[in-house]
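Remarks on the structure that follows.
Position 1 is the first residue of the sequence, and the numbers go up from there.
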Amino acid sequence: MGKDNNHGTTKLVVLDMAGTTVADGGLVERAFERATEHLGVEPGSGGRAERLQYVRDTMGESKISVFRHLFGTEEAARRANSAFEAAYAELVDGGLVGPLPGAREAIEAMRAAGRTVVLTTGFARVTQDAILDALGWRGLADLTLCPADAGGRGRPYPDMVLTAVLRTGAVDDVRRVAVVGDTAYDVLCGVRAGAGTVAGVLTGAHDRARLTAAGATHVLASVEELPELLERSW
């Protein structure tokens, strides 16, 4: 556990979705496989395997940024991203996502304690909305944000966290923000935004060592532990 912040009560909590509050059972990889098939990349090919590994390594990063790296040109990246989003939405519609244990209760508890909660994602808005609808989570958080809502830059840029600050008006100091996610990119986003609490959770892509190396002030077993952490952090 890291040191608690001493800049006042945390009033704004910016939470990641997949791997942090939402269990998607590896749908990112499955959707990527479908997308590469759509683009004509042969199953089992060396290039495809390398690209899939890169997708695993960059969990948490904005998806369009990942595809720009993988496919080189903006046109190819956008085609890949569109195919990926469509494939992921199909899998979501098939009932293959669910809430992580205690996630809804944690969000409700934090809001009941007077904290503003924002859900963020590296997916496009249409995919984020599909997940929210599948879970029945419309209205669960105070605000939901995707990279397009923050000018197009997703994690590890700090833009979504800073957009949450500006859109909610919940804090007068970024040190009163908590950023929580399961990847090093979530953590780096929080660090770059100047958040007072940057917590990694062990329910998703990255392990304790990687989260800590990225700058996490705390590493939690799951988001279930977050309300208690914030109650004792001053």
Side-chain angles (χ1 to χ4, degrees), residues 14 16-20 22-94 96-97 119-134 144-163 179 181-193 200 204-207 210-211 213-214:
V14 181
D16 172 50
M17 292 179 64
T20 302
V22 179
D24 71 358
L27 292 197
V28 168
E29 292 185 20
R30 291 172 64 180
F32 179 77
E33 290 281 349
R34 288 194 184 185
T36 54
E37 287 175 16
H38 176 77
L39 294 169
V41 179
E42 290 298 323
S45 66
R48 181 167 172 166
E50 290 170 5
R51 287 169 175 165
L52 180 58
Q53 186 58 50
Y54 184 80
V55 169
R56 293 186 182 116
D57 292 342
T58 56
M59 287 290 187
E61 188 176 349
S62 169
K63 297 300 176 285
I64 186 64
S65 297
V66 172
F67 288 123
R68 285 183 182 123
H69 175 88
L70 290 175
F71 292 97
T73 69
E74 186 67 18
E75 179 184 358
R78 291 194 177 278
R79 284 177 54 226
N81 192 61
S82 294
F84 170 85
E85 297 280 356
Y88 195 95
E90 283 181 16
L91 294 166
V92 169
D93 289 343
L96 298 177
V97 297
L119 290 171
T120 64
T121 184
F123 294 125
R125 166 58 61 183
V126 64
T127 305
Q128 185 178 38
D129 285 347
I131 296 169
L132 293 169
D133 287 339
T144 62
L145 293 173
C146 67
D149 298 319
R153 294 199 312 182
R155 309 180 193 104
Y157 293 100
D159 302 24
M160 283 197 290
V161 175
L162 298 178
T163 297
V179 176
D182 66 297
T183 74
Y185 293 90
D186 296 306
V187 171
L188 188 54
C189 174
V191 170
R192 289 177 172 179
H206 293 161
D207 61 15
R210 189 158 178 193
L211 295 169

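- Within the 4.5 Å cutoff, no side-chain heavy atoms of Gln128 are placed close to those of Leu145.
- Side-chain contact between Arg34 and Leu91: present, with at least one pair of heavy atoms (C-beta onward) separated by less than 4.5 Å.
- To the nearest 0.5 angstrom, Arg192 atom CZ is 7.5 Å from Tyr157 atom OH.
- Listed for the Glu74 side chain is no donor-acceptor partner under 3.5 Å among the backbone atoms of Arg68.
- Classification of the Phe67-Phe32 ring pair by plane angle, with boundaries at 30° and 60°, yields parallel.
- Atoms OH and CG, from Tyr88 and Leu96 in turn, are 9.5 Å apart once rounded to the nearest 0.5 Å.
- Minimum heavy-atom separation, Leu211 to Ala184: CD2-N, 3.9 Å.
- The shortest distance between side-chain heavy atoms of Arg153 and Pro147 does not fall below 4.5 Å.
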Checklist entry - side chain to side chain contact (heavy atoms under 4.5 Å, CB included) between Leu70 and Val55: does it pass, once the steps are laid out? => result CA-CA 9 Å; Leu70 290 175; Val55 169; 4.0 Å; yes

Checklist entry - So Asp186 and His206, side chain to side chain contact (heavy atoms under 4.5 Å, CB included) or not? Walk me through it. => result CA-CA 10 Å; Asp186 296 306; His206 293 161; over 6 Å; no

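- Side-chain contact check for Asp149 versus Met160: every heavy-atom pair is 4.5 Å or farther apart.
- You'll find the side chain of Val97 reaches within 4.5 Å of the side chain of Leu27, heavy atoms only.
- Residues Ala18 and Asp24 share a closest heavy-atom pair of CB-OD2, 3.8 Å.
- Under the 4.5 Å side-chain criterion, counting only non-hydrogen atoms from C-beta, Thr183 is not in contact with Thr20.
- Between the OH atom in Tyr185 and the CZ atom in Arg210 there is a gap of 6.0 Å [rounded to 0.5 Å].
- The minimum heavy-atom distance between Ala193 and Val161, with the atom names listed, is CB-CG1, 3.6 Å.
- Ion pairing between Arg79 and Glu75 fails under the 4.0 Å rule for side-chain N and carboxylate O.
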Next on the checklist: Pair Thr127, Thr121 - check side chain to side chain contact (heavy atoms under 4.5 Å, CB included), show working.
Outcome noted: CA-CA 9 Å; Thr127 305; Thr121 184; over 6 Å; no

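- Relative ring orientation between Phe84 and Phe123 is described as parallel, the plane-to-plane angle staying below 30° on a 0-90° scale split at 30° and 60°.
- Looking only at side-chain heavy atoms (C-beta outward), Met17 and Leu132 come within less than 4.5 Å of each other.
- A side-chain donor-acceptor contact under 3.5 Å links Asp182 to the backbone of Ala205.
- Arg155 has its side chain out of reach of Leu188: every pair of non-hydrogen atoms, C-beta onward, lies at least 4.5 Å apart.
- Taken from CG in Asp159 to OG1 in Thr120, the straight-line distance is 12.0 Å, to the nearest 0.5 Å.
- The distance from atom CG of Asp16 to atom CG of Leu119, rounded to the nearest 0.5 Å, is 9.0 Å.
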